[in-house]
Amino acid sequence: MKELPKIYEPQKVEDEIYARWEQSGCFNPDNIDSKEAYCNILPPPNANGELHIGHASGYTVMDIFGRYARMNGKKTLLLPGKDHAGIQTQVVFEKKIQAELGLSRQEIGREDFYKKTYDFCIDRANYMRSQEKKIGISADWSREKFTLDPDVLKTALETFVKMHEDGLIYKGKRIINWCPRCGTALSDVEVLHKETPGKLYFIKYPLENSTEFITVATTRPETMLGDTAVAVNPKDKHYSKLVGKNIVLPLQNTIIPIIADKRIDLSFGTGAVKITPSHDPLDWEIGKDHKLAEIQIIDEKALITDLGGKYAGLTTHEAREEILKDLEKLNLLEKIEEMTHSVSICERCKTIIEPLTSNQWFVNVNAENYSLKKEAIKSIESGMIEIFPSNFKKILADWFGNLHDWCISRQIWWGPQFPVWYCNDSQLTTHNSQPKCSEPIVSIEKIDSCPHCGGAVVQDENTLDTWFTSSQWPYTTLKSNGKDFETFFSSDMMIMGRDLLFFWSSRMIMMSLYTTKKVPFKNLFFTGLVLDKDGHKFSKSRGNGIDPLTVIDKFGADALRMSLIMDSAPGQNSRLYEEKIETFRNFANKLWNISRYCLSQENFKLVEDISEEDINSEADRWIAESLNELIGKTNQLFESKQISVAADLLKTFTWNSFADGYIEAQKIEKNEKMLGYVLDKLLKLWHPFIPFVTEHIWTLAGEKELLMISKWPAHKENKQTKTSSYFPFVLSLNKTIRNVRKEKNIESTKKIELWIETTSELSKKVLLDNADFIKKSAGISVIKFNKTLIGGFIQRVVGECVIKIPLDGLVDVEKEKTKAEKEIVNLEKFIAGSTARLSNKDFVSKAPAEVISQQKETLERKQAELAELKKHLASL
RNA sequence: GGGUGAUUAGCUCAGUUGGCUAGAGCACUUCUCUUACAAAGAAGGGGUCACUGGUUCGAGUCCAGUAUCACCCACCA
């Protein structure tokens with residue numbers, strides 16, 4: 001066998017390994033013959049940038065489960081894709097063309113802008129795909145989809161048509177969130193709320209035909225131009241006499257009523273509220289109930305409209321200044337208070353949102369014939385979808401409960417245009433000879449002329465909300481490829497950042513139940529945010545980003561994968577930093593060197609299974625049994641989705657048990673077959689986590705088939721496990737001797753004698769069986785049993801043995817005394833507690849037998865130890 | 001205003017049906033380049049598991065409350 005380098009260099013092998021996986025065709029489930037299917041739909045990243053560490057985190061988890069399923073013989077599909085990401089991509093691309101060409105999208109024109117953005121996305125998608133491969137995702141690239149692929153989009157638009165027919169999609173004038181910078185309506189989830197210091201203005205509104213005033217408080221005085229009422233709480237005694245009277249609205253000089261509405265908070269401000277139905281969500285509700293007029297005084301560019309009289313054309317900010325000045329002149333500004341309040345801002349560009357009434361398309365989430373939200377709640381509460389961590393279940397259900405209609409029309413250019421046409425005629429004339437011409441024509445096919453009058457038609461200019469298409473992603477992607485939908489839907493697991501809880505997971509659930517009557521996924525798994533070392537979010541402005549490719553280049557993909565999934569529970573944030581990644585790079589190297597050792601053994605090969613005859617020593621039995629136990633636990637942990645705990649367990653076994661324990665013992669008493677068996681199982685168990693290094697070692701060991709499709713290790717259930725505590729006893733004996741050497745500063749080259757007193761024949765046998773190993777690893781010249789030792793010696797107790805190490809002249813009696821005394825106190829404390837517990841009737845009657853016997857066993861051992869110690873102390 | 005999560009060794013975090021003289025990695029102390037590995041090996045120090053009560057034979061783990069921090073939701077004008 002050729003000499004392998006001491007250091008594992010992932011950079012040199014990872015690309016080649018990935019290429020072999022791809023060429024094998026095993027990423028494609030069509031090439032796997034199995035009745036049982038498994039499918040993870042990978043969350044499609046926005047095709048407008050590059051992969052960041054958050055993507056890598058989710059992908060790693062998905063790939064781990066995918067590889068686990070594949071090795072368990074399931075027809076496994078990991079379906080990759082990319083999202084066109086409407087508003088976000090438009091913002092990104094507009095900036096790009098502005099910077100590179102000095103052009104605005106208006107200067108380019110809608111059609112051309114769309115084409116250019118499309119090309120940009122495809123370019124980014126190609127780059128991002130190469131990043132995804134670097135991470136080692138075992139996805140079927142032949143099935144990769146983009147949200148704007150014709151087949152995917154067609155399926156999504158068919159849903160639109162169906163929902164429209166069912167009355168779940170309607171167009172109407174409602175108050176919406178308007179982003180003046182993006183120039184579009186936004187849904188509620190796309191609006192953020194930010195605590196902002198501001199001012200509360202108290203304005204006096206004169207009563208009609210009176211010298212009295214009613215004072216209202218507002219943070220946005222400019223909206224008074226659109227006031228159509230003043231409202232007070234019906235219970236508010238201060239104002240009860242005024243309800244029904246009128247007010248002369250200052251500056252506008254219109255007459256508006258004072259109304260009573262229970263939604264008004266008595267304790268806030270003066271208890272009297274100006275009502276501006278066109279520019280405030282609550283006011284809009286109140287206005288509707290009281291049939292108030294709506295006067296839109298702010299337009300879609302955040303400028304005052306003509307209805308704003310002399311303020312028309314001003315920005316809202318300018319108008320506010322002017323209005324305050326004018327009110328002051330009229331002596332109507334009573335006072336100004338400082339306050340902090342919550343301001344709505346655009347999720348994408350952070351511009352302040354202007355609420356305004358607008359004609360938009362909505363999804364009715366609670367229609368009489370089909371309630372999207374109620375069905376979703378049902379699916380969650382009935383457990384059709386299992387959610388990790390489980391407390392997110394309640395959060396989701398509550399969110400659905402409070403859900404309002406979903407605004408799905410955007411006034412942007414990037415994204416699918418509404419499949420809706422209008423008869424030109426109907427827009428021009430209000431009196432139409434054909435009444436049907438006034439109704440929108442909804443169709444996924446392009447419409448050339450009005451089906452009723454044959455006249456010209458125009459397509460609805462609106463663009464669909466990105467989440468309308470991505471909410472159908474598991475359905476549309478599988479639907480567009482042969483029988484995939486029948487085979488794989490519902491998908492098995494969906495993994496996403498918790499920030500997508502409301503944006504995406506919720507909508508996928510609603511839409512899937514509506515279109516397919518099935519849940520989109522059986523398990524929903526949330527990852528927390530990946531933060532930097534100081535717990536900050538990664539962001540461009542902070543400049544603390546970690547590029548996955550840089551990390552992979554430096555430490556390898558396996559190290560990155562491990563550092564992303566370890567040390568974090570589902571849904572919990574985790575921190576990522578170089579030192580952490582380094583430790584996993586070190587682990588990959590450890591596994592590499594373990595394998596190097598194994599491969600260097602004569603006649604070494606990986607072994608699928610062993611029999612009783614292959615177990616020759618205590619060490620063999622111990623490692624075989626521990627391994628079997630490990631396999632059982634790992635499988636359980638995979639089933640309960642606790643992969644980070646599983647990886648931790650594997651790591652402890654690999655490093656501590658196998659490398660430090662078994663391999664060292666095996667050097668004395670060779671058993672290549674056992675080495676081959678354990679390594680075979682370890683490579684398999686590790687493969688989902690660290691696919692590259694394991695596959696590489698597998699190949700070096702001479703295996704022809706890929707590790708990726710090897711059979712997952714099975715736990716041997718029926719096998720009666722014999723007690724495997726003998727070898728750990730040998731290990732702890734070694735440890736104790738080394739400890740003594742260390743304490744006494746005995747050079748490692750100096751051999752010492754080991755005298756043992758024991759009444760246990762079994763212990764004696766084990767020690768004799770492992771004498772060579774003990775001698776070598778603890779530097780012992782000779783082991784003597786039950787001899788009387790004369791002269792100075794150090795005494796320790798290990799298990800049922802009293803061990804004595806003759807050390808003439810090196811024994812510090814006082815030091816040994818203190819040490820023994822300290823240990824005695826410790827033991828007595830433990831024994832007292834343990835004895836009390838065992839003599840407690842309730843404990844004995846209620847605790848499980850296993851716990852009791854274990855307790856007894858430990859107590860006896862400790863008591864024996866104590867007795868020896870006392871004896872020893874007396875002799876000092 | 002409502003909700004969720006966190007609080008365990010100097011730091012970052014595990015700890016899933018309650019059985020723990022509480023674990024890992026990093027950092028620290030002391031040895032060792034011993035023929036798989038110094039990206040390593042060996043030995044060691046370090047914690048009344050935020051606080052207060054409760055349930056229980058037994059609580060880091062379950063319940064109630066308190067404190068601090070973080071995040072999310074909400075139509076406080």
Sugar-phosphate or base contact per nucleotide [nucleotides 61-70 of chain B; S, B, -; heavy atom under 4.0 Å]: ----------
Distance, P atom - from A50(B) to A9(B), rounded to whole angstrom: 8 Å
Position toward the 5' end of RNA chain B (nearest nucleotide), Q642(A) or L282(A): Q642(A)
Sugar-phosphate, base or nothing in reach of K667(A), heavy atoms under 4.0 Å: base
Test applied, side-chain contact (heavy atoms from CB on, under 4.5 Å); reference residue, I794(A); option that passes from N739(A), T736(A), V740(A), I803(A): V740(A)
Euclidean distance for C1', U61(B) against A27(B) (whole angstrom): 29 Å
Atom pair distance, as rounded to whole Å: CZ in R498(A) and P in G3(B): 17 Å
Side chains of D265(A) and N233(A), donor plus acceptor under 3.5 Å: no
Distance in angstrom units between I395(A) CD1 and G2(B) C1', rounded: 12 Å
Between T228(A) and E294(A), a side-chain donor and acceptor under 3.5 Å: no
N/O donor-acceptor pair, side chain K6(A) with base A38(B), under 3.5 angstrom: no
Whole-angstrom distance between U48(B) and U34(B), as gauged at atom C1': 43 Å
Polar side chain donor-acceptor pair, H536(A) to D534(A), under 3.5 angstrom: no
Could you list the donor-acceptor pairs under 3.5 angstrom formed between side-chain atoms of residues 836-849 of chain A and any protein atom two or more places apart in sequence or on another chain?
from: S839(A); atom 1: OG; to: T835(A); atom 2: O; distance (Å): 3.0
from: S839(A); atom 1: OG; to: A836(A); atom 2: O; distance (Å): 3.1
from: N840(A); atom 1: OD1; to: D842(A); atom 2: N; distance (Å): 2.8
from: N840(A); atom 1: OD1; to: F843(A); atom 2: N; distance (Å): 3.4
from: S845(A); atom 1: OG; to: K841(A); atom 2: O; distance (Å): 3.0
from: S845(A); atom 1: OG; to: D842(A); atom 2: O; distance (Å): 3.2

Ring pair (Phe, Tyr, Trp, His ring centres under 6.0 Å) partners for F584(A), two or more places apart: none
Nearest-angstrom distance from the residue atom CE of M566(A) to P of C26(B): 12 Å
Lys NZ or Arg CZ of K335(A) over F202(A) ring: under 6.0 Å, within 45°: yes
Span that lies between the P atom of U66(B) and that of G10(B), in whole angstrom: 29 Å
Closest listed nucleotide, where the reference is the side chain of R596(A) and the choices are C75(B), G5(B), A36(B): A36(B)
Whichever of T340(A) and N745(A) has its nearest RNA chain B nucleotide further upstream toward 5': N745(A)
Sugar-phosphate or base contact per nucleotide [nucleotides 6-12 of chain B; S, B, -; heavy atom under 4.0 Å]: S-----S
Expected rows: protein N/O vs nucleotides 39-44 of chain B N/O, under 3.5 Å:
from: A39(B); atom 1: O4'; to: N586(A); atom 2: OD1; distance (Å): 3.3
from: A39(B); atom 1: O2'; to: N589(A); atom 2: ND2; distance (Å): 3.3
from: A39(B); atom 1: N3; to: R585(A); atom 2: NE; distance (Å): 2.7
from: A39(B); atom 1: N3; to: N586(A); atom 2: OD1; distance (Å): 3.4
from: A40(B); atom 1: OP1; to: N586(A); atom 2: ND2; distance (Å): 3.2
from: A40(B); atom 1: O3'; to: K590(A); atom 2: NZ; distance (Å): 3.2
from: G41(B); atom 1: OP1; to: K590(A); atom 2: NZ; distance (Å): 3.1
from: G41(B); atom 1: OP1; to: W655(A); atom 2: NE1; distance (Å): 2.3
from: A42(B); atom 1: O3'; to: R738(A); atom 2: NH1; distance (Å): 3.4
from: A42(B); atom 1: N3; to: K742(A); atom 2: NZ; distance (Å): 3.2
from: G44(B); atom 1: OP1; to: N739(A); atom 2: ND2; distance (Å): 3.2

Aromatic ring proximity W686(A)/F587(A), centre distance under 6.0 Å: yes
P-based separation of C28(B) from A64(B) [nearest Å]: 43 Å
Separation of A36(B) P from L599(A) CG (nearest whole Å): 13 Å
Nearest-neighbour nucleotide for the H193(A) side chain, A77(B), C75(B), U16(B) considered: C75(B)
Rounded C1' spacing from A59(B) to G15(B) in Å: 14 Å
P gap between C33(B) and A42(B), integer Å: 16 Å
Pair pattern of RNA chain B in dot-bracket, where unpaired bases get dots and | marks partners in another strand, Watson-Crick or G-U under 3.5 angstrom: (((((((..((((.....[...)))).(((((.......))))).....(((((..]....))))))))))))....
Exercise: do T858(A) and K856(A) side chains pair donor with acceptor under 3.5 Å: no
Integer angstrom distance from the C1' of G47(B) to that of G2(B): 36 Å
Centroid-centroid distance, F638(A) to F689(A), less than 6.0 Å: yes
Sugar-phosphate only, base, or nothing, as touched by E664(A) at under 4.0 Å among non-hydrogen atoms: base
Under the side-chain hydrogen bond (donor to acceptor under 3.5 Å, both in side chains) test, residues paired with K667(A) that sit two or more places apart: E664(A)
Sugar-phosphate only, base, or nothing, as touched by A659(A) at under 4.0 Å among non-hydrogen atoms: base
Partner set under side-chain hydrogen bond (donor to acceptor under 3.5 Å, both in side chains) for N826(A), not counting sequence neighbours: none
Give me, pair by pair, the N or O atoms of the protein and of nucleotides 19-21 of chain B that are less than 3.5 Å apart, along with how far apart they are.
from: U21(B); atom 1: O4; to: K862(A); atom 2: NZ; distance (Å): 2.7

Gap between atoms CG and P, on N593(A) and U35(B) respectively (whole Å): 13 Å
Residues in ring pair (Phe, Tyr, Trp, His ring centres under 6.0 Å) contact with H279(A), at least two apart in sequence or another chain: none
N671(A): side-chain hydrogen bond (donor to acceptor under 3.5 Å, both in side chains) partners, not counting sequence neighbours: D620(A)
Touch class at under 4.0 angstrom, heavy-atom based, for N391(A) against every strand present: sugar-phosphate
Between P of A77(B) and CD1 of I175(A), the distance in whole Å: 14 Å
Side chains of H290(A) and D261(A), donor plus acceptor under 3.5 Å: yes
Test item: side-chain donor near acceptor, T316(A) and E222(A), under 3.5 Å: no
Touch class at under 4.0 angstrom, heavy-atom based, for T218(A) against every strand present: sugar-phosphate
Set of side-chain contact (heavy atoms from CB on, under 4.5 Å) partners for L282(A), sequence neighbours left out: R263(A), D280(A), I286(A)
Ring geometry between Y8(A) and W592(A) (parallel below 30°, tilted from 30 to 60°, perpendicular above 60°): tilted
